[in-house]
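Structure record follows, encoded as structure tokens.
Numbers here simply count residues along the sequence, with the first being 1.
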Amino acid sequence: GMRLTGSLLKLKACPSGRQKEDSMSKLSFVTFCLENYADHTGQRSGDVYKQFKEQGLLELLYDDYADLHGMSVEYMVDFCSQYLRNGSKA
């Protein structure tokens, strides 16, 4: 148990090439969402980042990357607005 947990933690800390690619894609996607949401709502990206982080939207966008990264900018802005308004997935 303990050795496996240590290995998993190490794996997460030092991702392989494929995992590193995935994390970069996810980070790029989250940044894309942040910037576009800020543009569409006329807010500063720093303020949007704070909102996304405080309400758990940053984590959701990162974790649900596989399901969300194909959405259009309009859909993504709407999705984020609804999430921030309702505090959960629309």
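- The CG atom of L84 sits 10.5 Å away from the CD atom of E54 when rounded to the nearest 0.5 Å.
- For the atom pair CG of N36 and OG1 of T31, the computed distance is 11.0 Å after rounding to the nearest 0.5 Å.
- Summarising the geometry, atom OG belonging to S28 is positioned 11.5 Å from atom NE2 belonging to H69; distances are rounded to the nearest 0.5 Å.
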Atom pairs and distances, donor-acceptor, side-chain atoms in residues 72-79, under 3.5 Å, two or more places apart:
residue	atom	partner	partner atom	Å
S72	OG	Y75	N	3.1
D78	OD2	Q82	NE2	3.1

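- Here Q55 contributes atom CD and C80 contributes atom SG; the two are 11.0 Å apart, rounded to the nearest 0.5 Å.
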Run Y65 and D22 through side-chain contact (heavy atoms from CB on, under 4.5 Å) and show every step you take.
CA-CA 9 Å; Y65 167 78; D22 286 350; over 6 Å; no
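- Considering only residues two or more places apart in sequence or on other chains, T41 meets the side chain to side chain donor-acceptor pair (under 3.5 Å) condition with Q43.
- Nearest heavy-atom pair, S45 versus L34, reported as atom, atom and distance to 0.1 Å: O-CD2, 4.1 Å.
- Heavy atoms of other residues, nucleotides or ligands lying less than 6.0 angstrom from CE of M71 number more than 12.
- Residues L61 and F29 approach most closely at O-CE2, 3.7 Å, considering heavy atoms.
- Here D64 contributes atom CG and K26 contributes atom NZ; the two are 9.5 Å apart, rounded to the nearest 0.5 Å.
- Distance CG/L57 to CZ/F52: 4.5 Å, rounded to 0.5 Å.
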